[in-house]
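Hydrogens, waters and symmetry mates play no part in the numbers below; they use all other heavy atoms, side chains included.
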Amino acid sequence: MCVRRGYDMMQAIFVCEGIFFAFKFLPMFRKGERIKRCISYFDGVEYGPQDKTEQQILNNSVVLCQIITKFYIICISSCQVLFLLPALFSSGYELPLRMWLPYSTTSSLINYYATYAYIWTVISYCALTNASLDPLIGGLMFQAVSQLKILKHRIQNPENFDQDTFHATLLENYIYQRVVECIKYHTEILNFINEVDQCFSWCVFNQFSGTASLLCFLITAILTVPVTSIDGMQYIVFFFLILSQVLFYCYFGTLLFEEKYETICGCILVKG
């Protein structure tokens with residue numbers, strides 16, 4: 001009886017996740033060109049690293065994003081396998097999802113395995129698409145964090161600038177030019193942050209709304225089945241998957257807020 005109830009609950013959770021994901025993905029169609037501009041916003045030569053420290057900042061951001069993305073993909077893959085695989089070993093040609101079909105899947109093995117493969121392909125496509133969207137949003141937020149760190153480094157280390165770039169002849173003029181460039185750079189970063197916010201605010205709102213509902217379902221489901229059962233493992237893995245989705249927005253969003261606060265409130269003091 002627990003297995004049947006767990007099977008029905010997992011289907012309800014999966015359907016809810018699919019609905020929230022569909023709404024979360026809408027900006028990718030409506031704002032495709034703006035999202036492309038966000039991805040390539042800092043590709044210009046003027047935004048490139050000017051010394052080893054700036055290059056290290058960018059390298060560290062890439063490594064951190066890769067680690068969190070790999071963890072997220074592992075969670076998604078584990079949840080997908082635990083959701084799809086048990087039906088293959090059940091009795092009575094059971095499918096991972098209960099659905100109406102114009103043919104009988106129990107009439108032949110070909111019908112059953114063809115339908116099962118189709119469901120696996122569709123769910124895998126949705127999972128991989130979702131696995132690319134959340135890291136994209138988190139990565140763009142962390143890109144802004146890295147650019148603010150580079151800006152802070154440039155202001156704290158004015159001697160690292162190439163003086164020949166602006167043909168400065170007087171020290172006062174040179175400092176003035178550096179300040180102007182840093183202000184322009186800071187403005188571009190703020191414009192980038194605003195553009196990302198305009199593109200993905202709906203995604204983030206939808207994610208948090210869906211997460212609140214799904215966590216309620218999952219906690220209730222975990223309490224109704226043995227933890228060591230297949231259903232219990234499904235719920236626990238899915239629980240960590242939902243938390244890892246929120247991790248992208250909470251962690252990178254917190255880093256961005258703190259870096260903006262440091263930049264504005266006086267941590268960008270000229271060294272010496």
Colleague: Listed by chain and number, what are the ring-ring contact (aromatic ring centres under 6.0 Å, His included) partners of Phe42, not counting sequence neighbours?
Modeller: Tyr47, Phe192
Colleague: Nearest 0.5 Å please: distance from the CD1 atom of Ile236 over to the OG atom of Ser78.
Modeller: 13.0 Å
Colleague: For residues Glu195 and Asn191, is any side-chain donor paired with an opposing acceptor at under 3.5 Å?
Modeller: no
Colleague: Would you say CZ of Phe205 has more than 12 non-hydrogen atoms from neighbouring residues, nucleotides or ligands within 6.0 angstrom?
Modeller: no
Colleague: Is there side-chain contact between Phe208 and Cys250, with at least one heavy-atom pair below 4.5 Å?
Modeller: yes
Colleague: Side-chain donor-acceptor pairs under 3.5 Å in residues 62-77, sequence neighbours left out?
Modeller:
{"residue": "Thr69", "atom": "OG1", "partner": "Cys65", "partner atom": "O", "Å": "2.7"}
{"residue": "Tyr72", "atom": "OH", "partner": "Asp134", "partner atom": "OD2", "Å": "2.6"}
{"residue": "Tyr72", "atom": "OH", "partner": "Gln245", "partner atom": "NE2", "Å": "3.2"}
{"residue": "Ser77", "atom": "OG", "partner": "Ile73", "partner atom": "O", "Å": "2.9"}

Colleague: Which residues pass the salt bridge (charged side-chain N to carboxylate O under 4.0 Å, His left out) test with Lys184, sequence neighbours left out?
Modeller: none
Colleague: Can Lys152 and Glu259 be counted as an ion pair, charged N to O under 4.0 angstrom?
Modeller: yes
Colleague: Measuring from atom CG of Leu190 to atom OH of Tyr185, what distance do you get when rounded to the nearest 0.5 angstrom?
Modeller: 11.5 Å
Colleague: Taking atom SG of Cys182 and atom CD1 of Ile150, what is their separation to the nearest 0.5 Å?
Modeller: 12.0 Å
Colleague: Report yes or no: do Leu85 and Leu109 belong to one cluster of Ile/Leu/Val/Met/Phe/Trp/Tyr joined by side chain heavy-atom distances under 4.5 Å?
Modeller: yes
Colleague: Only counting residues at least two apart or in another chain, list the ones meeting ring-ring contact (aromatic ring centres under 6.0 Å, His included) with Phe200.
Modeller: none
Colleague: More than 12 non-hydrogen atoms from neighbouring residues, nucleotides or ligands closer than 6.0 Å to CD1 on Ile110, yes or no?
Modeller: no
Colleague: Membership question, hydrophobic clusters at under 4.5 Å side-chain separation (ILVMFWY): are Leu215 and Phe238 in the same one?
Modeller: yes
Colleague: Treat each ILVMFWY residue as a node, draw an edge where side-chain heavy atoms are under 4.5 Å apart, and state whether Tyr249 and Leu243 are in one component.
Modeller: yes
Colleague: Are Leu128 and Ile119 linked, directly or through other ILVMFWY residues, by side chains that come within less than 4.5 angstrom of each other?
Modeller: no
Colleague: How close do Ala144 and Leu256 get, heavy atom to heavy atom, and via which atoms?
Modeller: CB-CD1, 3.7 Å
Colleague: Could you tell me the separation between the CG atom of Asn59 and the NZ atom of Lys52, rounded to the nearest 0.5 Å?
Modeller: 12.5 Å
Colleague: Assess, by modelled atom type and distance only, whether the side chains of Asp197 and Ser201 contain a donor and an acceptor separated by less than 3.5 Å.
Modeller: no
Colleague: Side-chain contact, heavy-atom cut-off 4.5 Å: Leu136 with Ile39?
Modeller: yes
Colleague: Answer yes or no: is there a side-chain heavy-atom contact under 4.5 Å between Val145 and Phe142?
Modeller: yes
Colleague: In terms of heavy-atom contacts, does OH of Tyr125 have more than 12 from other residues, nucleotides or ligands at under 6.0 Å?
Modeller: no
Colleague: Within the 4.5 Å heavy-atom criterion, are Thr106 and Tyr112 side-chain neighbours or not?
Modeller: no
Colleague: So, Asn60 versus Gln56: side-chain donor-acceptor pair below 3.5 Å or not?
Modeller: yes
Colleague: Is the backbone N or O of Leu58 less than 3.5 Å from a side-chain atom of Lys149, with the two atoms forming a donor-acceptor pair by type?
Modeller: no
Colleague: Do you know which two heavy atoms are closest between Arg34 and Gln198, and how far apart they sit?
Modeller: NH2-CB, 3.2 Å
Colleague: Once salt bridge (charged side-chain N to carboxylate O under 4.0 Å, His left out) is applied, do any residues pair with Glu188, and if so which ones, sequence neighbours excluded?
Modeller: none
Colleague: Nearest 0.5 Å, what's the CH2-CG distance between Trp120 and Leu84?
Modeller: 5.0 Å
Colleague: Residues two or more places apart in sequence or in another chain: which of them pass ring-ring contact (aromatic ring centres under 6.0 Å, His included) with Tyr118?
Modeller: none
Colleague: Between Ser108 and Asn111 (side chain of the first, backbone of the second, donor and acceptor by atom type, cut-off under 3.5 Å), is there such a pair?
Modeller: yes
Colleague: For residues Ser146 and Ile57, report the shortest heavy-atom separation together with the two atoms involved.
Modeller: O-CG2, 3.8 Å
Colleague: Compare all side-chain heavy atoms of Phe239 with those of Ile219 and state whether any distance is below 4.5 angstrom.
Modeller: yes
Colleague: So do the side chains of Tyr251 and Leu255 get within less than 4.5 Å of each other, counting heavy atoms only?
Modeller: yes
Colleague: List the steps and the verdict of side-chain hydrogen bond (donor to acceptor under 3.5 Å, both in side chains) for Tyr103 and Thr115.
Modeller: CA-CA 10 Å; Tyr103 59 89; Thr115 306; 2.5 Å; yes
Colleague: Could you pull out the closest heavy-atom pair between Ile137 and Cys203, with the gap in Å?
Modeller: CD1-CB, 3.9 Å
Colleague: Find the distance between CD (Gln207) and CG (Leu133) and round it off to the nearest 0.5 Å.
Modeller: 8.5 Å
Colleague: Could you walk me through whether Ser124 and Gln80 satisfy the side-chain hydrogen bond (donor to acceptor under 3.5 Å, both in side chains) test, starting with their C-alpha distance in whole Å, then the side-chain angles of each, then the deciding distance to 0.1 Å, before giving a yes or no?
Modeller: CA-CA 7 Å; Ser124 299; Gln80 175 188 345; 2.3 Å; yes
Colleague: Just wondering, do Met141 and Ile193 contact through their side chains at under 4.5 Å, heavy atoms?
Modeller: no
